[in-house]
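Just so it is clear, the model here is predicted, and its values are computed rather than measured.
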Amino acid sequence: MDAIITGESERIGLSVIDNNDVEHLIEMNESGEIKYHDQDGYPDDPCERARAENIHVNQARRFAKYWVYRKRGYDTVPPTENPDRIIAAAIALTPLEPDTAETHLGDFYQHFQSITGTADSPVEMPEGVPEQGGGTVYQKDIYIGLGDETLGTTAADLLADPKLMELVSKSVGVGGETPVGAEYVPSFKELIAEASDRDPDSLPSLSEGLLLEATSGIHVHWDDPPGEYHTQWGDQPDLGRDPAARIEIFPFEPESITELQARVARHLLCQIRDCYLTMGIAPPEQFRILGHGRHEATGLYASYDIYDEYFDPNAEIDTWYGENTPEGAYEHEPANKNVQTKA
């Protein structure tokens, strides 16, 4: 996968070479809406394309939006598919003390306990929808902030810090370690203070929710017998902006709020993995992990031979698409200092 930005006026134009060596000429506006897309390697009608051909076309479109975001700083990537936003959500959730985690994830925990009959559910389930199984997924939106400000223009620099990424990975069990909480809080705080040019003593504790501004109620997402998906939406905070990430997890039986917290954090790292794989490129090495991430991506991995089963913790993986990843794919260009992630 590779791209060259060919022009920039009312639209941003790109030439994208997909993993099948087909060139795509794509134009989009600054919000990522694709206005023009031409290629001569596949049928124009999606219904006439083979499954793999549709995957290549969709990868090219996703990669084009990502490349413009990375190299020009426009907010072209859909909110819950932006890896920087999802990393911010993982950083916000990982070091929370149990009481604070309970505030934001307690309804999840209570509902999962209700499935086993040990609690009353806070969710009024849609009629005929099974609480578990049958493709029922529970979702929650995460909103990130820093006091009265958002991460805004500092997000790319803050979230690119390799030390911070190492802490996140260790905190959710990547590399065989599963420490969550107090051990990592001072390092998180120091790194964020340094990246945002603030006095560490002026910042509230990450364990008390420094980066976590709000969360939504629980959304119930399920498919009916014909295979059509539906969503019953939970309450949203009155913030007037998009969330940084959306949790999408299947029910399980957590023994504690801390276990749920760790499962959610690892799930978000799997979502970051999915952002890159569904563009046809490799995720950064710290996100090459297995498990359920974005629900849409899980469906792609399960249905198309072009992908391995990255959602399966026990799967044997043949490729991470490193050979299809262009140089500088993870870097924000200097001109991108004005990026607005709305995280």
Side-chain angles (χ1 to χ4, degrees), residues 1 18-20 32 34 42 45-66 77-83 85-86 89-90 108 125-126 128-142 218-234 243 245-252 263-264 266-283 287-321 324:
M1 192 71 72
D18 72 20
N19 292 345
N20 203 30
I34 293 180
Y42 315 112
D45 186 347
C47 296
E48 296 177 4
R49 298 178 196 142
R51 282 186 166 191
E53 292 176 334
N54 269 320
I55 290 290
H56 286 301
V57 171
N58 290 331
Q59 285 180 346
R61 292 168 72 91
R62 290 189 178 103
F63 183 76
K65 294 180 181 183
Y66 172 80
V77 179
T80 57
E81 297 175 28
N82 184 321
R85 291 174 180 251
I86 302 171
F108 258 159
M125 293 292 294
V129 176
E131 289 186 308
Q132 58 182 332
T136 305
V137 179
Y138 296 95
Q139 304 175 335
K140 178 184 283 285
D141 295 332
I142 306 170
I218 295 176
H219 317 313
V220 182
H221 187 69
W222 76 97
D223 61 339
D224 58 21
E228 183 177 352
Y229 275 97
H230 307 270
T231 305
Q232 174 181 279
W233 298 101
R246 174 168 292 159
I247 301 167
E248 302 179 289
I249 62 175
F250 293 104
F252 71 108
R263 173 73 70 93
V264 168
R266 185 181 177 92
H267 159 70
L268 291 173
L269 298 196
C270 290
Q271 285 198 18
I272 296 164
R273 172 205 67 201
D274 295 339
C275 291
Y276 292 97
L277 288 173
T278 56
M279 292 186 284
I281 66 174
F287 304 120
R288 297 181 190 181
I289 60 177
L290 301 181
H292 177 68
R294 298 188 63 242
H295 189 54
E296 179 185 8
T298 293
L300 290 174
Y301 304 154
S303 302
Y304 295 94
D305 292 338
I306 196 171
Y307 289 115
D308 287 337
E309 294 185 342
Y310 303 96
F311 62 89
D312 182 354
N314 300 311
E316 294 185 6
I317 303 303
D318 293 325
T319 181
W320 288 103
Y321 295 99
N324 300 121

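- Residues Lys140 and Arg246 are not in side-chain contact: their nearest non-hydrogen atoms beyond the backbone lie 4.5 Å or more apart.
- Separation of atoms SG (Cys270) and CZ (Phe311) is listed at 12.0 Å; rounding is to 0.5 Å.
- The main-chain N or O of Pro283 is found under 3.5 Å from a side-chain atom of Arg288 such that the two form a donor-acceptor pair.
- The main-chain N or O of His56 is never found under 3.5 Å from a side-chain atom of Gln59 such that the two would form a donor-acceptor pair.
- No side-chain heavy atom of Ile218 sits under 4.5 Å from any side-chain heavy atom of Gln139.
- To the nearest 0.5 angstrom, Glu53 atom CD is 12.0 Å from Asn58 atom CG.
- Atom CZ of Arg266 sits about 12.0 Å away from atom CG of Leu268, to the nearest 0.5 Å.
- Put simply, the side chain of Thr136 does not reach to within 4.5 Å of the side chain of Pro251, judged on heavy atoms.
- Taking the ring centre of Phe252 as origin, the terminal cationic atom of Arg263 falls inside the region bounded by 6.0 Å and 45° from the ring axis.
- Here the straight-line distance linking atom CD of Glu316 with atom CG of Leu290 works out to 10.5 Å at 0.5 Å rounding.
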Criterion ring pair (Phe, Tyr, Trp, His ring centres under 6.0 Å) on His230 and His221, from CA distance to verdict: CA-CA 6 Å; His230 307 270; His221 187 69; 8.8 Å; no

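- Each of Asp274, Asp312, Thr278 was checked for a side chain to side chain donor-acceptor pair (under 3.5 Å) with Tyr301, and the lone residue meeting it is Asp274.
- The shortest side-chain heavy-atom distance between Asn82 and Cys275 does not fall under the 4.5 Å cut-off.
- By the 6.0 Å contact criterion, CG on Asp305 is open, its count of non-hydrogen atoms from other residues, nucleotides or ligands being 12 or less.
- Side-chain atoms of Glu248 come within 3.5 Å of backbone atoms of His295 as a donor-acceptor pair (strictly under, hydrogens ignored).
- Annotation: cation-pi pair Arg51/Tyr304 present, NZ/CZ under 6.0 Å from the ring centroid and within 45° of its normal.
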Tyr310 vs Trp320, ring pair (Phe, Tyr, Trp, His ring centres under 6.0 Å): CA-CA, chis, key distance, verdict: CA-CA 10 Å; Tyr310 303 96; Trp320 288 103; 5.0 Å; yes

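- If you take OG1 on Thr319 and CD1 on Ile306, they are separated by 10.5 Å, rounding to the nearest 0.5 Å.
- In the model, Tyr321 has no side-chain atom that pairs as donor or acceptor with a side-chain atom of Asp308 under 3.5 Å.
- The shortest distance between side-chain heavy atoms of Gln271 and Thr80 does not fall below 4.5 Å.
- To the nearest 0.5 angstrom, Tyr307 atom OH is 12.0 Å from Thr298 atom OG1.
- The pair Arg61-Glu81 does not count as a salt bridge, with every side-chain nitrogen at least 4.0 angstrom from each carboxylate oxygen.
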Verdict with supporting geometry, Tyr138 and His219, ring pair (Phe, Tyr, Trp, His ring centres under 6.0 Å): CA-CA 6 Å; Tyr138 296 95; His219 317 313; over 10 Å; no

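- The shortest distance between side-chain heavy atoms of Pro243 and Ile142 does not fall below 4.5 Å.
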